[in-house]
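Below is one structure, written out as structure tokens; comments come after it.
Position 1 is the first residue of the sequence; numbering continues from there. Atoms within each ligand, like the ligands themselves, are counted from 1 in listed order. Everything quoted here is computed from the prediction, not taken from an experiment.
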Amino acid sequence: MLGLMQSQQLLISTLITFADRHHGEAEIVSRRVEGDIHRSNYQQVAARSRQVGNALDRWNLGFGDRVATLAWNGYRHLELYFGVSGSGRVIHTLNPRLHPDQIVWIANHAEDQVLCFDLSFLPIVQAVHSRCTSVRHYIALCDESRLPVDSGIPGLISYEAWIGAESSHYEWPDFEENCASSLCYTSGTTGNPKGVLYSHRSTVLHAFAAALPDSLNVSARDAILPVVPMFHVNAWGLPYAAAMTGAKLVFPGPAMDGKSIYELIELEKVNFAAGVPTVWQMLLSHVQVSRLQFSSLKRTVIGGSACPPAMISAFNDVYGVEVLHAWGMTEMSPLGTVCTLKNKHLALSAQEKLQVRVKQGRALYGVDMKIVDGEGLELPWDGKAFGDLLVKGSWVASEYFKDEGSELLVDGWFRTGDVATIDAEGFMQITDRSKDVIKSGGEWISSIDVENIAMAHPAVAMAACIGVAHPKWGERPIIAVMKKQGADVSREALLAFYEDQSAKWQIPDDVVFVDTMPLGGTGKMQKSKLRELLKDYRLPGTDSGD
Ligand code: ADP
């Protein structure tokens, strides 16, 4: 017997329709490539996303066809999120930080039909367009007056002229909620990038989960600054969760340095921001050096790589900003866990709470997880046993795009590539990515633990731990350190700093100072690049290193 309830497909168009009707005046503020601050709201975004729907129909773009973007976080990108997916096409967010050859490979693999780009990325499009064989239309995200002349890009038109010619009356089509809505490629640290194809259903369910109080706690009272890019994993789903709740959105555009982010937070009274640790490190450095305080910022979600405890403390103790440590990945839309305390933790001391908060957190409803040993047997949740982390759930990938037949799942579980512990309360803690774990004399050393200690030193801005071959131990950790501007620490002092905090065999063998830390396409430290840079490095007292 079926239930007797109305059945409404969980479509992305329902999010913007809701925001339009119930939160039409909630603001969408964007720092633009043009250099100014642009103000819009859900009503305008909804109207313009309907114009996008009409414009795509006029070109007879097929259901499920891919419309690619090379764009910063901003209102036009948001309109494309809703207009493209809402009208039944798939928005494919390309990562502009990738190498042009990779962009070509990905655009061709995705068979993109349309490419919309911010003017900052004109040189990329000029470099790649002749090799993007499926793209039929190029759109510059600007108005007619800024459209570059003689760009060499065939048929280039401006976004404003393109949608300006269309009516804002548009009936969003109704279709099956499992249809594809957006496409994002993993950064492809191993082999070619892989396409993760989200559905309307997975996206809407993920938005519900993201908004929950024990998750990111998104509401109509929030002003949210997603520093996480809309070109990677849909800015952690925040644009959808914001539309679902009517939260104000503040987009940073291309200006991601500490000063610009701080100014935007203050100017727009942002109370909630989201980003990877490297971005927050830049923000913290700026407020520390300039002796500033936050007047509106109350909480920030930090994920994408491990958030050092020193950063959690700095935000909390010095600036009164709560840090939500979160974990996930492209294949998980991306949220898997968020670290929020349980009732029983409330009586703990500040130090004890910090011990909990540094973990990656508890599973959200909709995702389940387990850790297994080398034979695939489940390990206990005791906070000590560590093993491969497996997940499954409503917004976890089942296979990669155009990769049918590959065995992505093991008995329905997705192998994350992370190594983790889970404690009796269900709090998961990442020990490492399996490829970053350092195996020294039969023991495993967590590169994250080694980095977290260095990050607690006042002179250290960024720290990355990698393993280097050692004739006796197999591998030993070294730590690459970028110092804070104007701060200093010697190799010996930093190694001494480890002594009280680490078992002797876990202390890195050496410190290598670097001027800049190699960052990947999503702003995370890129250890593969670091290993490449240090390929001729030899551990003190050995002549081996390869
Ligand atoms: P890629 O970096 O390859 O593009 P993702 O952006 O999907 O992939 O990143 C997913 C990976 O990032 C996770 O598998 C995990 O290793 C790492 N990660 C994400 N959040 C955290 C976190 N809070 N702590 C530690 N590692 C994290």
* Gly304 neighbourhood, listing ligand 1 atoms whose heavy-atom distance to it stays under 4.0 Å -> 12 (O), 17 (C), 18 (N), 19 (C), 20 (N), 21 (C), 27 (C)
* To do: Any pair with a residue in residues 510-530 that passes ring-ring contact (aromatic ring centres under 6.0 Å, His included), sequence neighbours left out, goes on the list, sorted by first then second residue, please.
  => none
* Proximity flag Cys307 to ligand 1, non-hydrogen atoms under 4.0 Å -> no
* To do: Examine Phe427 together with His345 and report whether their ring centres are nearer than 6.0 Å.
  => yes
* Asked: Given Thr330, Asp436, Val228, which one has a non-hydrogen atom that is nearest to atom 5 (P) of ligand 1?
  -> Thr330
* Using a strict cut-off of less than 4.0 Å between a Lys/Arg side-chain nitrogen and an Asp/Glu carboxylate oxygen, indicate whether Lys370 and Asp388 qualify as a salt bridge. => no
* Any side-chain heavy-atom pair of Cys465 and Ile478 under 4.5 Å -> no
* Run the numbers for me: atoms of ligand 1, each under 4.0 Å from some heavy atom of Ala326, listed by number. => 20 (N), 22 (C), 23 (N)
* If you measure every N/O of Glu331 against every N/O of ligand 1, is any gap under 3.5 Å? -> no
* Please say whether Thr186 places an N or O atom under 3.5 Å from an N or O atom belonging to ligand 1. => no
* To do: May I ask you to say whether Arg201 pairs ionically with Glu177, meaning some side-chain N is under 4.0 Å from a carboxylate O?
  => yes
* ligand 1 to Ile430 polar contact by distance, N or O atoms, under 3.5 Å -> no
* To do: Specify side chain, backbone, both or neither for Ser305, according to which of its non-hydrogen atoms lie closer than 4.0 Å to ligand 1.
  => backbone
* Contact check, side chains of Ile466 and Leu534, non-hydrogen atoms, under 4.5 Å -> yes
* Measure the distances from the heavy atoms of Gly417 to every atom of ligand 1 and state whether one is below 4.0 angstrom. => no
* **Set of residues satisfying salt bridge (charged side-chain N to carboxylate O under 4.0 Å, His left out) with respect to Asp257, sequence neighbours excluded** => none
* Asked: Heavy-atom contact under 4.0 Å between His232 and ligand 1?
  -> yes
* Structure fact -> Atoms of ligand 1 under 4.0 Å from any heavy atom of Met329, numbered from 1 in the order shown, are 7 (O), 10 (C), 14 (O)
* Are any of the N/O atoms in Gln360 less than 3.5 Å from those in ligand 1? -> yes
* Aromatic ring proximity Trp72/Phe121, centre distance under 6.0 Å -> yes
* To do: Could you establish whether Gly328 and ligand 1 come within less than 4.0 Å of each other, counting only heavy atoms on the residue side?
  => yes
* Asked: Less than 4.5 Å apart, any side-chain heavy atom of Leu341 and any of Lys353?
  -> yes
